[in-house]
Amino acid sequence: QVQLVESGGGLVQAGGSLRLSCAASGRTFSNYAMGWFRQAPGKERELAAKINRSGGSIYYADAVKGRFTISRDNAKNTVYLQMNSLKPEDTAVYYCAASPTYSSNSERYDYWGQGTQVTVSS
């Protein structure tokens, strides 16, 4: 089992920044690729960014490319999502998730955090 706990969400004005953190415990963190997903009201959950086990491969959805940065610290069992130039359309619940494979498919992610709300006001 892997337990994931997100933090860092909140209310921010458009153009502002937030940094999300996801702390992992349980099985070896470095054995898992990590993803940040988000779900806006009335919409399906979507992948925002993912990072492989070593941090050497990273993917961003087009909607966040150039504004968000995903990173991980395997020594601290933590993955981060730095979000800059936030837009109202970034408003969503953000989830971190762990997968044994570097996948974009949410069904391949075995462990999920409880989610953290990000609200961007215009």
Side-chain angles (χ1 to χ4, degrees):
Q1 290 285 338
V2 176
Q3 292 77 41
L4 301 173
V5 179
E6 301 101 336
S7 61
L11 173 64
V12 64
Q13 289 187 335
S17 298
L18 284 174
R19 188 194 197 202
L20 305 184
S21 299
C22 173
S25 61
R27 292 186 176 180
T28 304
F29 178 69
S30 58
N31 286 347
Y32 294 88
M34 298 298 297
W36 282 100
F37 292 79
R38 64 184 187 179
Q39 187 166 20
K43 295 188 177 182
E44 293 188 354
R45 188 174 298 185
E46 63 177 5
L47 176 67
K50 63 177 180 177
I51 188 168
N52 73 342
R53 299 175 187 182
S54 67
S57 291
I58 287 173
Y59 163 86
Y60 297 102
D62 288 344
V64 308
K65 197 174 298 181
R67 301 186 297 120
F68 290 12
T69 302
I70 189 172
S71 61
R72 67 188 297 162
D73 186 336
N74 287 343
K76 295 183 178 180
N77 292 347
T78 303
V79 62
Y80 305 96
L81 187 67
Q82 177 67 43
M83 306 186 294
N84 298 329
S85 302
L86 282 161
K87 304 175 181 180
E89 50 263 44
D90 294 317
T91 295
V93 178
Y94 283 72
Y95 300 89
C96 68
S99 172
T101 61
Y102 183 56
S103 175
S104 296
N105 186 344
S106 63
E107 295 183 0
R108 303 299 298 272
Y109 285 77
D110 297 329
Y111 305 104
W112 292 80
Q114 81 288 353
T116 186
Q117 176 70 47
V118 171
T119 302
V120 184
S121 64
S122 58

Please tell me if the side chains of Q82 and S71 come closer than 4.5 Å, counting only heavy atoms from C-beta onward.
no
Are V12 and M83 packed together at the side-chain level, in the sense that at least one heavy-atom pair is separated by less than 4.5 angstrom?
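A side-chain contact is absent here, since even the closest heavy-atom pair is not under 4.5 Å.
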Do the side chains of [X] and [Y] join up, straight or via other hydrophobic residues, at under 4.5 Å, putting them in one cluster?
X   : Y    : result
L4  : Y102 : no
F29 : F37  : no
L18 : W36  : yes
L86 : V64  : yes
M34 : Y95  : no

T101 backbone acceptor or donor facing S99 side chain under 3.5 Å
yes
Counterpart residues, salt bridge (charged side-chain N to carboxylate O under 4.0 Å, His left out), relative to R67 (two or more places apart)
D90
Check residues 111-118 and write down every donor-acceptor pair under 3.5 Å in which the side-chain atom is one partner and the other belongs to a residue at least two apart or another chain.
{"residue": "W112", "atom": "NE1", "partner": "Y109", "partner atom": "O", "Å": "3.2"}
{"residue": "Q114", "atom": "NE2", "partner": "E6", "partner atom": "O", "Å": "3.4"}
{"residue": "Q114", "atom": "NE2", "partner": "E6", "partner atom": "OE1", "Å": "3.4"}
{"residue": "T116", "atom": "OG1", "partner": "G9", "partner atom": "N", "Å": "3.3"}
{"residue": "Q117", "atom": "NE2", "partner": "A92", "partner atom": "O", "Å": "3.4"}
{"residue": "Q117", "atom": "NE2", "partner": "T119", "partner atom": "OG1", "Å": "3.3"}

Exercise: identify the closest heavy-atom pair between Q3 and Q1
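It is NE2-CB, 3.4 Å.
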What closest approach, in Å, do N105 and S103 show between heavy atoms, and which atom pair accounts for it?
N-OG, 2.9 Å
Taking only distance into account, with no hydrogens and no angle test, what donor-acceptor pairs under 3.5 Å do side-chain atoms of residues 51-60 form with protein atoms, sequence neighbours excluded?
{"residue": "N52", "atom": "OD1", "partner": "G55", "partner atom": "N", "Å": "2.9"}
{"residue": "N52", "atom": "OD1", "partner": "G56", "partner atom": "N", "Å": "2.9"}
{"residue": "N52", "atom": "OD1", "partner": "S57", "partner atom": "N", "Å": "3.0"}
{"residue": "R53", "atom": "NE", "partner": "N31", "partner atom": "O", "Å": "3.2"}
{"residue": "R53", "atom": "NH2", "partner": "P100", "partner atom": "O", "Å": "2.8"}
{"residue": "S54", "atom": "OG", "partner": "G56", "partner atom": "N", "Å": "3.2"}
{"residue": "Y60", "atom": "OH", "partner": "I70", "partner atom": "N", "Å": "2.9"}

To the closest 0.5 Å, what do you measure between OG (S7) and CZ (R19)?
9.5 Å
Taking atom CZ of R38 and atom CZ of R45, what is their separation to the nearest 0.5 Å?
13.5 Å
Any residue meeting side-chain hydrogen bond (donor to acceptor under 3.5 Å, both in side chains) with S17, in chain and number order, not counting sequence neighbours
N84
Determine which pairs satisfy disulfide bond (SG atoms under 2.5 Å apart) with at least one residue from residues 5-100, sequence neighbours left out, and list them in order.
C22-C96
Pairs flagged by disulfide bond (SG atoms under 2.5 Å apart) wherever residues 47-86 is involved - sequence neighbours left out
none
